[in-house]
Amino acid sequence: MYGTHGHTNDREEPGIDAAGRLPAWRGPAILLVDLDAFFASVEQLDHPGWRGKPVIVGGDPDKRGVVSTASYEARVFGVRSAMPSSQAARLCPDAIWTHGHYGRYREMSRKIMGILLDESPRIQQVSIDEAFLDVSPTAHVNEHPILIAQRIQKRVADLGVTCSIGLGTTKTIAKIASDMDKPQGLTIVYPGREKDFLSPLPIRTMSGVGPAAERALTSHGIRTLGELAAADEALLKHIFGKNAEVIMARANGGDLTPVADDDPVKSVSNETSFAEDLSSAEEVEAGIATMASKVGRRLRKKGMRGHTISLKLRFSDRSIRSVQKRLDEATDDDLLFTPLLYRMAREIWEPGIPVRLIGVGMAGFDDDEPTQDALFDVLQEAPSENDVKPIIEDDEKRSGLLAATDKVKDRFGDAAVKFGRELSMERRTTGSGSKNSSDYK
DNA sequence: TCTGGGGTCCTAGGACCC
DNA sequence: TCTGGGGTCCTAGGACCC
């Protein structure tokens, strides 16, 4: 036991000396800090009456919702992230349900990431509730990693939520270790013990091995990370393709991928599943318009314009079809690309076929800097294959209208403004604000 | 009352050019 | 004449992550 906050789970005995000093840490020291049942914990922090009770953040049980995060009290009943809400409601009939408050989670997350940044500038945020930290001793800073981890746990706890931390010499090890003891655990894998720690673990424990790879590996008798590390290279190449070498290195504790800054955003998308399938052209186009306007608004907010617009439909049998089109000019204008999306829909769908989910996305930001009059150009140029009539042809009127509706939506919410074809989709969707369930497992 | 949403990356095939 | 191959861009689909 090292701290007063939470407890420390030494995977291997460190051999503390007589004075109780920590043994020197040799080599890289990577932390993975994972906020415990984050969304549910914030709800319990904000609603004192919910503390100690089962709380579920997720979509409605009767509208195809799923569980985003369950508090530990709800997990006792078997409720898990990504579980259909209807099943969760059966397992835990007395749970307190909420769709979640994402602005609030983001606010808490920002505060916590601020603490982490204060502890080490070498940080990689993985998601709203998870980050890697490089706390390797350097010439300038040589505080012991365990002490840093304990201080982080205390500082986070002071904000009213808890975190679990894994400490090891690689990101893979830190990540796996952080999962072994929750909530508020600190699991340490000492330098030199990497293989002992990893080799008995099931393959699925490791990031990068999903259901498909697990199936393939198991069929070849590979069940543990030790077996994976020793597997035939040609076989791994066949299963993981280009990733085979990285996977192998991770499995044997030798993956030295550094803690890196976050990558730039490469795509922006919105999708929604409907409580009941849509099948008429009017309904589907209304759904497309609603998703397109969400994407457009987010693009404008970020100041990004993309070249590649995509449409995804999921049908009643859960199969998925998608289409994407490369645009001649980058855009952030949904009044421009919505009619194109209607046309793309007809490439993969016919009216009458029930549609369960509609997704709209934009990508292709990496090209040239968007020019101020990209919008103007796209309308003036000779018609190309992808050209369709925008909803409002005068581009100045159109962008003025978008700016005005963005403002209203900022103040009053998305539902405040709807164009003709955007029916009120809210009542029909899963009602789940659920976005991110990072406390998967 | 069965199965969400927002992302990243890889692969394989076709078009097109040289 | 019956047939190559590399490079690049684009697209559809799927695996995986939180």
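Convention: sequence-line order gives letters A, B, ...; per-chain numbering from 1.
The pair A:E107-A:R110 does not count as a salt bridge, with every side-chain nitrogen at least 4.0 angstrom from each carboxylate oxygen. Ion pairing between a basic and an acidic side chain is recognised when a charged N comes within 4.0 Å of a carboxylate O; A:E276 and A:R356 show no such pairing.
To the nearest angstrom, P of C:dC17 lies 14 Å from NZ of A:K171. C:dC9 atom P lies 19 Å from atom NZ of A:K325, rounded to whole Å. When rounded to the nearest whole Å, the span between CZ of A:F274 and C1' of B:dT3 equals 17 Å. Between the CD1 atom of A:I56 and the P atom of B:dG4 there is a distance of 16 Å, rounded to whole Å.
You'll find that the side chain of A:Q324 is closest to C:dA12, out of C:dC17, C:dA12, B:dT8. The listed nucleotides are B:dG4, C:dC10, C:dG13; the one nearest the side chain of A:R326 is C:dC10. Looking at the side chain of A:P84, the nearest of the listed nucleotides B:dC2, C:dC16, B:dC9 is B:dC2.
Between A:K266 and B:dG6 there is no side-chain polar atom (N or O) within less than 4.0 angstrom of OP1 or OP2.
A donor-acceptor pair under 3.5 Å is absent between the side-chain atoms of A:S178 and the main chain of A:L32, judged by distance alone.
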Strand DNA chain C in bracket notation, Watson-Crick/G-U under 3.5 Å with | for pairs to another chain: ....||||||||||||||

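The residue A:R215 sits apart from the nucleic acid: no heavy atom pair falls under 4.0 Å.
Judged by distance alone, the side chains of A:Q44 and A:K53 never bring a donor and an acceptor atom under 3.5 Å apart.
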